[in-house]
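The shown structure was predicted, so the numbers you read here are calculated from the model rather than taken from an experiment. For the numbers below, each heavy atom of this structure counts, side chains included, while hydrogens, waters and symmetry mates do not. Start at 1 with the first residue, then count along the sequence.
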Amino acid sequence: MHTKSLFFIYAIGCLCFCIIFTLINFSNPQKQFSDEKKPTMAAAAVDNNKVIKSMKDTFYISHGSPTLSIDDSLPARHFLKSFRQKVLPEKPKAILIISGHWETSEPSVNAVSGPSETIYDFYGFPDRMYRLKYPAPGAPELANRVKQLLIGSGFGSVHVDKKRGLDHGAWVPLMLMYPDADIPVCQLSVQTQKDAAHHYRLGQALAPLKDDGVLIVGSGAATHNLRKIGRGSGDAVAPWADEFDTWIKDALLEGRYDDVNDYEKKAPHAKVAHPWPDHFYPLHVAMGAAGENTRGELVHHSWSYGTLSYASYKFTEKP
């Protein structure tokens, strides 16, 4: 049989198949469109565009290493990417983030008009990390509100910085939590020459922001001793890190905020876990802003390098 004849028979067969397939499908139009544009239960349950009118909870996020921005092997990265689906579906009106990477002698807030600059305050990392951008709009009105609340609560001086952008303690977790960068962001500094109680009082003063739909997030690390990082330790967690991390978890889950404010005296290995308190004080701000009759709830827990805890908490009303 000639090649042309074979091709003709193949073409006729394909045409017949298409006709039969079409007739079968159009005989049952409900079947045809049953899987098209049909929202799943998960999609129906989560509306990420619904702007929340008031915020009940505050959060402390352990952002750990700057490589959180690119390293898909880190469980904390996947936790933050699922934050809107699993933790807080509603969209906040604005975000106040307290980062351990901005230290000042007095409380300071940034009040940027327009997109925020992405600050690369880390060194020696892969080049592509320095090409990441998070141009979230600034929140000058929120900054002024923060200043008013703090001064009204007895904090004598509050500095407003109209130029400073977002350091990696702010933009790295927010880039994963809210990748569209369409929520106004204001950043608040920490005062490492002060104590934990000072930062707890900062949080208490800022609690009314929740009624305005502002999400208050402390960003740091549950344990943060870079000199103790055990790069060859595999899955083994250093005993001192585990003991401190467990003590903090138990204290927060039980709502023992006074003990957490006095962690340097009461927590095991406090000075080893946090030789410098910059990455821990954001927790105290979030804890203070949660209000009375609240407790911590562990929303994520993982380790890196055997000493770096990514424990993250939601502060919410006690049941």
Output field: ring centroids [X]/[Y] closer than 6.0 Å:
{"X": "Tyr263", "Y": "His284", "result": "yes"}
{"X": "Tyr130", "Y": "Tyr123", "result": "no"}
{"X": "Tyr310", "Y": "Phe79", "result": "no"}
{"X": "His300", "Y": "Tyr313", "result": "no"}
{"X": "Phe244", "Y": "His269", "result": "no"}
{"X": "Phe125", "Y": "Tyr120", "result": "no"}

Any side-chain heavy-atom pair from [X] and [Y] closer than 4.5 angstrom?
{"X": "Leu188", "Y": "Trp102", "answer": "no"}
{"X": "Leu166", "Y": "Asn110", "answer": "yes"}
{"X": "Thr307", "Y": "Asn225", "answer": "no"}
{"X": "Pro140", "Y": "Ser113", "answer": "yes"}
{"X": "Lys271", "Y": "Trp276", "answer": "no"}
{"X": "Glu106", "Y": "Ser189", "answer": "no"}

Check the side chains of [Y] and [X] for a donor-acceptor pair under 3.5 angstrom, ignoring hydrogens and angles.
{"X": "Asp278", "Y": "Thr192", "value": "no"}
{"X": "His63", "Y": "His101", "value": "yes"}
{"X": "Trp171", "Y": "Gln187", "value": "no"}
{"X": "Asn261", "Y": "His199", "value": "no"}
{"X": "Asp161", "Y": "Ser108", "value": "no"}

Looking at every non-hydrogen atom in both residues, tell me the closest pair between [X] and [Y] and how far apart they are.
{"X": "Pro92", "Y": "Ile95", "value": "CG-CG1, 4.1 Å"}
{"X": "Leu74", "Y": "Ser304", "value": "CD2-OG, 4.0 Å"}
{"X": "Pro275", "Y": "His224", "value": "CD-O, 3.4 Å"}
{"X": "Leu88", "Y": "Met55", "value": "CD2-SD, 4.0 Å"}
{"X": "Pro173", "Y": "Gly169", "value": "CG-O, 3.3 Å"}
{"X": "Ala143", "Y": "Ala111", "value": "CB-CB, 3.6 Å"}

Transitive ILVMFWY side-chain link [X] to [Y], under 4.5 Å:
{"X": "Val272", "Y": "Ile248", "answer": "no"}
{"X": "Leu149", "Y": "Ile97", "answer": "no"}
{"X": "Val146", "Y": "Val214", "answer": "yes"}

Rounded at 0.5 Å granularity, tell me how far [atom1] in [X] sits from [atom2] in [Y].
{"X": "Gln191", "Y": "Ser105", "atom1": "CD", "atom2": "OG", "result": "7.5 Å"}
{"X": "Asp262", "Y": "Tyr200", "atom1": "CG", "atom2": "OH", "result": "13.5 Å"}
{"X": "Thr223", "Y": "Leu226", "atom1": "OG1", "atom2": "CG", "result": "10.0 Å"}
{"X": "Tyr134", "Y": "His168", "atom1": "OH", "atom2": "NE2", "result": "15.5 Å"}
{"X": "Leu283", "Y": "His274", "atom1": "CG", "atom2": "NE2", "result": "8.5 Å"}

Does Asp72 pair with Arg77 as a salt bridge, N-O distance under 4.0 Å? yes
Check Lys210 with Asp57, please: is the shortest side-chain N to carboxylate O separation under 4.0 Å? no
List the steps, then state whether salt bridge (Lys or Arg N to Asp or Glu O under 4.0 Å) holds for Lys91 with Asp182. CA-CA 10 Å; Lys91 185 177 182 179; Asp182 59 350; 2.8 Å; yes
Could you check whether atom CD of Glu141 has more than 12 heavy atoms from other residues, nucleotides or ligands sitting under 6.0 Å from it? no
Taking only distance into account, with no hydrogens and no angle test, what donor-acceptor pairs under 3.5 Å do side-chain atoms of residues 286-299 form with protein atoms, sequence neighbours excluded?
from, atom 1, to, atom 2, distance (Å)
Thr294, OG1, Tyr257, OH, 2.9
Thr294, OG1, Gly291, O, 2.9

